[in-house]
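To start, the structure under review is shown below, and the notes come after it.
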Amino acid sequence: PPPPPPPAAAATTTMASLFERVLLLGALVAIQVTCEDHPPSAETESCEVYSERDLRLAGASPDAGRVEVFHEEKWGTLCAEPSINLSKVLCKQLGFGRAIGIFTIAPKIKGTPNWLSGIECTGEEASIFECAHQGWGKGPGCSGEAPPIAVRCEAAGLEALVESIPKSQLSLPGVDVETVLDPYTPEGKGGCGAPAPFNPFLANNTGAFVHKDKIAPFLGARLERLDEVLCRDPSKNTGQIEALLADGMQWNPFGFKFSLDAAAARGKGILTDTKAEVLREAMLSPNAKVFWSLDHEARYPEKLPAMSERSMELYHNLSRDGFVRIDDFGLDMEALDETADWALTQRELKNVTVVLDDGACVVARPKVPALQSLLTNETINSVIRAYLGPESVMHGYKILRLSKKLKGADNYIAADWHHDRAGRRLKLFVFLHDIAEIGGRPTEVANGTHNFVYWSFEDYPTSRYDDAYVQKHFDVHRLHGKRGGGFIFDTNSIHRGSPFGDHKRETIILEYHNQYKCPAIHSLGMNVPCPSGDQFMEYHKI
């Protein structure tokens, strides 16, 4: 048996008990029988032992990815036409709560067998193996119509963390909460070829994205919609878009933002203006409409709260760049090491530690009492309140290791340039050791992209961006530094976790939102994990 945990890691709370009940993910169901000794330094060692019909998520994300099943001593894919009923069954079987969507960018790895094909579920089954299928190793396998099954899931038990708000009490300026998520319905009249003042949906813009084959039909549909909306009143609607450009709006193939000194962007007025309504109707997805309304006031505040000179300096850098470096958080690093070293090796405790892709990525979610001084650090908390709004919360944290086994986006989906599809929120990284700029697998951020309202927040393909395009059009920063320091950044920024390097990387990551953001997302039923499900959940008001 493993040695008893140190007191810091063994601390229990109501939320820790919740995690013991719900965090039994597919990547976690590996039955551990041989790992008697697995020190943190043994990065190349693989000691996971699996049982017949175990499930796992592939792609180095604990709550989204391609689902694989262990059969005849090999991991293989499940093939089916994507459906929310199938996702419901898999998320439930993997120990999650609701399915929040179908993961669409998890291609099968060459040489992986197809174990089950033609799977059909009602959504009520307790296991994927209760669904209709064509038998083990039989059927046509995966195809364009029946790709490898991949899911996006939400952590179970979030009702204990996220307050429920009736739709009637939601305040979203410029948005009808009852209809905002309804899909766009073409009027059938066709367009008239009205010239748009700008057009982010042209076919040649596929080059800005990673998944070009999936983006092409998206751009085509949005181009038709733009033309149809403008043609309702070509002169007036084109003029409204031109007025937004005059107000300081900037755009690219990903989305739009206003310059920080754009007076017209201050306050809520612009959200209810006629020109904003034309932009929403012609160009924004349903989730984009919501996030523009939810995040706008914090993004362009009319007045800042009182704070110290140091907090103001940090806030200024964060609001300008989308990130701010911190040299030293003042934490007890020896205490953090004790908890992290214990948690990252507890492969048997599946409610604490997740091992993904045979150790390429390890996520641990113990209680970490040594973070208490950070949670009450008023210099940091003032920055967070100024950035997210006066009523902000920390929803949880995790310990993350990226190991030498990590080689690219195939086994680490965060290796592509992306945003988190959650709008304005903050993550705080604490370095558990020195992180080198070159070879240290640092997080990379495209400067100034945090204020974009993206044309779409719904799907992974629309939020994964081409490396050459990002490097050409943005100033990229590698967030490296010394042990005990780290950074705070807005996950709405275009960013990536570098998968390449000579060393492992170990960090503690805390997640913050405006207090009302996650309740609004849940009340609307949006397909967005808020808060993220791959962390130790702890509600802490800032």
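Predicted model, so just to flag it, every value in this text is computed and none were measured.
Environment of NZ in Lys482: sparse, with no more than 12 heavy atoms of neighbouring residues, nucleotides or ligands closer than 6.0 Å. At most 12 non-hydrogen atoms from other residues, nucleotides or ligands lie less than 6.0 angstrom from CG of Asp327. Heavy-atom neighbours of Glu81 CD from other residues, nucleotides or ligands within 6.0 Å: at or below the threshold of 12.
When side chains are defined from C-beta on, Pro82 counts as touching Pro147, because their heavy atoms get closer than 4.5 Å. Residues His480 and Arg325 have side chains in contact (heavy-atom distance under 4.5 Å, counting atoms from C-beta outward). For the pair Ser382/Ile384, no side-chain contact is recorded, criterion being any heavy-atom separation below 4.5 Å from C-beta on. Within the 4.5 Å cutoff, side-chain heavy atoms of Ile241 are placed close to those of Phe198. Between Leu374 and Leu428 there is a side-chain heavy-atom pair separated by less than 4.5 Å. The shortest distance between side-chain heavy atoms of Tyr469 and Trp417 does not fall below 4.5 Å. Counting only heavy atoms from C-beta outward, the side chains of Val528 and Phe457 never approach each other to under 4.5 Å. Considering only heavy atoms from C-beta on, Leu344 stays 4.5 Å or farther from Thr353 through its side chain.
Ring-centre distance between Phe254 and Phe209: below the 6.0 Å cut-off. Taking the six-membered ring for Trp and the full ring otherwise, His419 and Tyr454 have centroids separated by under 6.0 Å.
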_Leu375 vs Glu538, side chain to side chain contact (heavy atoms under 4.5 Å, CB included): CA-CA, chis, key distance, verdict_ = CA-CA 11 Å; Leu375 298 179; Glu538 180 177 298; 3.7 Å; yes

*Step by step, work out the salt bridge (Lys or Arg N to Asp or Glu O under 4.0 Å) result for Asp466 and Lys212.*
CA-CA 9 Å; Asp466 179 75; Lys212 297 171 177 52; 3.6 Å; yes

*asked:* For a side chain to side chain contact (heavy atoms under 4.5 Å, CB included) check, start with the C-alpha distance between Tyr539 and Gln515, then their side-chain angles and the critical distance, and finish with the verdict.
replied: CA-CA 10 Å; Tyr539 187 94; Gln515 180 177 344; 3.7 Å; yes

_side chain to side chain contact (heavy atoms under 4.5 Å, CB included) assessment of Phe429 paired with Ile326_ = CA-CA 9 Å; Phe429 280 58; Ile326 307 292; over 6 Å; no

*Show the numbers, then the answer: is there a side chain to side chain contact (heavy atoms under 4.5 Å, CB included) between Thr443 and Thr507?*
CA-CA 11 Å; Thr443 298; Thr507 54; over 6 Å; no

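Between Asp467 and Arg496 there is a salt bridge, since at least one side-chain N of the basic residue sits less than 4.0 Å from a carboxylate O of the acidic one. A salt bridge does not link Lys427 to Asp490: none of the charged side-chain nitrogens sits closer than 4.0 Å to a carboxylate oxygen. Under 4.0 Å is where a charged nitrogen must lie from a carboxylate oxygen, and between Arg280 and Glu277 at least one such pair does. One finds no salt bridge joining Asp63 and Arg152 here, because no Lys/Arg side-chain nitrogen approaches an Asp/Glu carboxylate oxygen to under 4.0 Å. For the pair Lys504 and Glu506, the salt-bridge criterion is met [side-chain N within less than 4.0 Å of a carboxylate O]. Using a 4.0 Å cut-off between a side-chain N of Lys or Arg and a carboxylate O of Asp or Glu, Asp247 and Lys275 qualify as a salt bridge. Here Arg222 does not pair with Glu224 in a salt bridge; the nearest charged N to carboxylate O distance is not below 4.0 Å.
Relative ring orientation between Phe258 and Phe256 is described as perpendicular, the plane-to-plane angle rising above 60° on a 0-90° scale split at 30° and 60°. Ring-plane geometry between Phe489 and His495 is classed as perpendicular, the angle between the planes exceeding 60 degrees on a 0 to 90 degree scale with a lower cut at 30.
Thr491 and Arg425 share a donor-acceptor pair across their side chains, judged by distance under 3.5 Å alone. A side-chain donor-acceptor contact under 3.5 Å links Asn287 and Asn527. Of the N and O atoms on the side chains of Asn114 and Thr77, at least one donor lies less than 3.5 Å from an acceptor on the other residue. Side-chain contact annotation: Tyr397 with Glu511, donor-acceptor N/O pair under 3.5 Å absent.
Rounding to the nearest 0.5 angstrom, the gap separating the OH atom in Tyr412 from the OG atom in Ser498 is 9.5 Å.
Taking both residues in full, the closest heavy atoms of Thr379 and Ser311 are given as O-OG, 2.9 Å, listed atom of the first, atom of the second, then distance. Closest heavy-atom contact between Leu172 and Ser293: C-OG, 3.1 Å. When all heavy atoms of Met526 and Val290 are compared, the closest pair comes out as SD-CG1, 3.7 Å. Contact between Pro197 and Leu245 at its shortest, heavy atoms only, is CB-CD1, 4.0 Å. Nearest heavy-atom pair, Val363 versus Asp534, reported as atom, atom and distance to 0.1 Å: CG1-O, 3.8 Å. Shown here for Ser83 and Leu86, the closest heavy-atom pair between the two residues is OG-N, 3.1 Å.
Between the side chain of Tyr512 and the main chain of Asn381, no donor-acceptor pair closer than 3.5 Å is present. At least one donor-acceptor pair closer than 3.5 Å links the side chain of Thr206 to the backbone N or O of Ala203. A donor-acceptor pair under 3.5 Å is formed between the side chain of Gln535 and the backbone N or O of Ser532. Using a distance-only test at 3.5 Å, with no hydrogens or angles considered, no donor-acceptor pair links the side chain of Asn199 to the main chain of Leu223. No side-chain donor-acceptor contact under 3.5 Å links Lys214 to the backbone of Tyr460. A donor-acceptor distance shorter than 3.5 angstrom exists from the side chain of His418 to the backbone of Asp416, with no hydrogens or angles considered. A side-chain donor-acceptor contact under 3.5 Å links Arg441 to the backbone of Pro499. Arg483 places a side-chain N or O within donor-acceptor distance of the main-chain N or O of Leu432, the cut-off being under 3.5 Å. The closest donor-acceptor contact from the side chain of Asp213 to the backbone of Ala216 lies at 3.5 Å or more, if one exists at all. Between the side chain of Arg225 and the main chain of Glu281, a donor-acceptor pair closer than 3.5 Å is present.
A search for side chain to side chain contact (heavy atoms under 4.5 Å, CB included) contacts involving Asn447 returns Asp321, Phe323, Asp475, His477, not counting sequence neighbours.
Cation-pi geometry between Arg424 and Tyr387 is met: under 6.0 angstrom from the ring centre, within 45 degrees of the axis.
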